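Written below as structure tokens is the structure these notes are about.
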Number of protein chains: 2
Amino acid sequence: MATKEVVGESEQIASDTVSAWDSLLQEIAHRPKRATERKQDRAKRTEQQILNAALRVFARDGISRSRIADIAAEAGISTSTLYEYYKSKEDLAYDVPLSHLAEFFESYHANAASRTSARERLLLYLVMSADYAREHAEWARLLYLEIWPSVFVSDTELRHSIDDFTRVILFLVKEGVAEGWVSPDRNPYETVALLIGGVNQLIITWLLYRKPKNLTRAGTEMAERLIAMLENEVRR
Amino acid sequence: MATKEVVGESEQIASDTVSAWDSLLQEIAHRPKRATERKQDRAKRTEQQILNAALRVFARDGISRSRIADIAAEAGISTSTLYEYYKSKEDLAYDVPLSHLAEFFESYHANAASRTSARERLLLYLVMSADYAREHAEWARLLYLEIWPSVFVSDTELRHSIDDFTRVILFLVKEGVAEGWVSPDRNPYETVALLIGGVNQLIITWLLYRKPKNLTRAGTEMAERLIAMLENEVRR
DNA sequence: GAGGTTTTCCGATAAAACGTCGATTTTATA
DNA sequence: TATAAAATCGACGTTTTATCGGAAAACCTC
């Protein structure tokens with residue numbers, strides 16, 4: 001926390017940092033939706049039904065085994081109507097996780113407001129990632145097991161959102177260096193890979209085998225451990 | 001390294017450990033191939049051509065966009081012949097990475113022979129994982145970006161092989177506890193997730209963005225850092 | 001090396017899933 | 001309530017996956 005003695009440039013930086021943080025999360029949580037929005041209420045409802053149905057079917061059967069016809073049926077519409085909304089199965093699959101991802105960012109932004117240090121914010125971020133996956137297992141299964149790594153998401157709204165996920169951590173790691181608890185000698189990108197990798201691996205294992213049983217607890221433990229490890233690197 | 005004074009039970013354990021290690025890698029590197037093996041040489045060649053063609057096409061187009069007809073053409077056979085070998089595209093996709101994976105285990109086993117401590121063996125394992133991915137980028141792209149997380153690999157030969165990948169690390173982590181450089185207070189599965197996660201995230205990032213430019217170097221750095229972090233946890 | 005058997009290969013075709021289009025119904029609005 | 005725009009759907013064409021029966025090649029035995 002900045003002391004009152006510190007003024008001028010330092011103050012400026014602190015203020016810049018706060019605003020940079022807020023605008024980063026603002027931008028991330030409210031990425032522009034698709035250009036063409038539906039005009040009628042009925043259509044908005046239909047769109048939502050499609051997304052819900054798609055999430056269920058994709059999570060149950062996997063994207064490649066899922067059939068457009070099944071999703072349409074589940075949504076209570078005809079196959080051809082679905083094509084009015086999405087031009088292909090791939091297109092649909094890449095749109096499904098977006099709303100949840102935005103919701104996660106928003107929820108995180110709200111919760112992070114009370115945390116002042118980058119250290120606490122990072123801890124919260126990692127813990128919340130795991131917990132959100134547990135709460136929304138269908139979504140998580142789709143995102144982590146089927147879509148995240150896929151190359152073909154490039155140049156998609158979704159790829160940007162996934163990259164945002166990384167950007168937040170990168171931002172906090174750099175602040176961590178400024179705060180002095182992250183080693184400045186380490187490549188920040190490497191540190192990011194370390195953090196995301198550890199947590200994601202935990203989530204993936206849980207999605208595949210339902211182990212560890214308590215993902216929230218395991219996520220917290222992992223997050224605390226990772227941060228403690230980073231701190232250990234500087235104090236020597 | 002065991003001192004000469006230590007004999008009897010301790011010696012026994014050391015010997016058991018070595019043999020457990022060797023038999024683990026033996027088992028892993030030589031998992032039984034598919035039950036029905038081809039009888040004629042011509043057919044064996046055809047099978048190889050299919051696998052090579054499939055790797056190329058899958059890596060280029062992604063599994064879901066790839067067409068069986070394209071793979072067959074690339075392999076120089078008819079579509080129906082391909083179906084004599086694999087009952088579906090999915091089946092084929094899950095068989096493709098296997099031979100490379102076995103090769104990796106074998107290569108690792110050979111290289112690890114000269115390393116005596118679990119620490120060195122673990123380091124080598126992590127470094128070699130990254131390096132093998134760099135050397136066999138098409139294979140790595142298929143395995144890491146498309147298949148590894150997929151739920152539907154369950155009950156497949158491939159899933160066993162992927163689990164083997166984890167088992168080796170788990171084995172070494174437990175030995176690390178015995179050797180005293182891994183904290184016994186930590187859940188070994190968590191430690192494994194940490195290690196695999198960090199390295200895999202690095203590999204995935206490289207496959208997607210070709211960053212970091214030098215994967216071998218980055219992999220070595222990451223592996224050394226991870227192990228140093230584990231060591232930091234015990235010395236306090 | 002001829003005859004018989006098994007293995008491998010392929011063309012034709014069925015089955016399934018994807019995707020399009022014009023006609024029809026519903027909604028918004030004036 | 002007349003009209004235009006938006007949304008829906010059934011019918012149909014296309015693409016991709018998968019099957020099957022028979023031809024061709026390899027193998028085996030005498």
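The chains referred to below are lettered A, B, ... by the order of the sequence lines, with proteins before strands, and numbering in each begins at 1. Predicted, not measured: the structure shown is a model, and the values here were computed from it. As a basis for the values below, the full set of heavy atoms in this structure was taken, side chains included, without hydrogen atoms, waters or symmetry mates.
- The residue A:S64 sits apart from the nucleic acid: no heavy atom pair falls under 4.0 Å.
- The interatomic distance linking B:D91 (CG) with D:dT19 (P) rounds to 11 Å, in whole Å.
- Here the side chain of B:E84 is nearest to one of C:dC18, D:dG21, D:dA7, namely D:dG21.
- Two residues are said to be in side-chain contact when any heavy atoms from C-beta on lie closer than 4.5 Å; B:N111 and B:M128 meet this criterion.
- When each of B:K44 and A:K39 is assigned the nucleotide of DNA chain C bearing its nearest heavy atom, the one mapping closer to the 5' terminus is B:K44.
- As rounded to whole Å, 11 Å separates atom P of D:dC28 from atom CG of B:D41.
- Between A:Q49 atom CD and D:dC9 atom P the separation is 10 Å, expressed in whole Å.
- Contact annotation: A:S88 does not reach the phosphate of C:dC18 (side-chain N/O to OP1 or OP2, under 4.0 Å).
- Between C:dT8 and B:R38, a contact under 4.0 Å exists linking OP1 or OP2 to a side-chain N or O.
- For the pair B:L92/B:F58, a side-chain contact is recorded, criterion being any heavy-atom separation below 4.5 Å from C-beta on.
- Of the two residues near DNA chain D, A:R42 and B:A69, the one whose nearest nucleotide lies more 5' is A:R42.
- The separation between A:I50 atom CD1 and D:dT8 atom C1' is 11 Å, rounded to whole Å.
- The phosphate of C:dG11 (OP1 or OP2) has no side-chain N or O of B:S80 nearer than 4.0 angstrom.
- With respect to B:R167 and B:E27, a salt bridge is recorded, a charged nitrogen being found less than 4.0 Å from a carboxylate O.
- Closest to the side chain of A:Y83, out of C:dT20, D:dA25, D:dT8, is C:dT20.
- A salt bridge is defined here as a Lys NZ or Arg NE, NH1 or NH2 lying under 4.0 Å from an Asp or Glu carboxylate O, and A:E90 with B:R65 meets this definition.
- Atom CD1 in B:I71 sits about 12 Å away from atom C1' in D:dT16, given to the nearest Å.
- Taking atom CZ of residue B:R45 and atom P of nucleotide D:dA25, one finds them 14 Å apart after rounding to whole Å.
- Look at NZ on A:K89: it is 13 Å from P on D:dT16, rounded to the nearest Å.
- For A:S78 and D:dC9, the shortest distance from a side-chain N or O to OP1 or OP2 is below 4.0 Å.
- Taking atom CG on A:L82 and atom P on D:dA7, their separation rounds to 14 Å, with Å as the unit.
- Remark: side-chain polar atoms of B:Y85 are not paired, donor with acceptor, to backbone N or O of B:L51 under 3.5 angstrom.
- The side chain of B:Q40 lies closest to C:dT8 when the candidates are D:dT8, C:dT8, D:dT17.
- The nucleotide whose nearest atom lies closest to any side-chain atom of A:R67 is, among D:dT19, C:dC18, D:dA26, C:dC18.
- Using a 4.0 Å heavy-atom criterion, one finds that B:Y86 contacts no nucleic acid atom at all.
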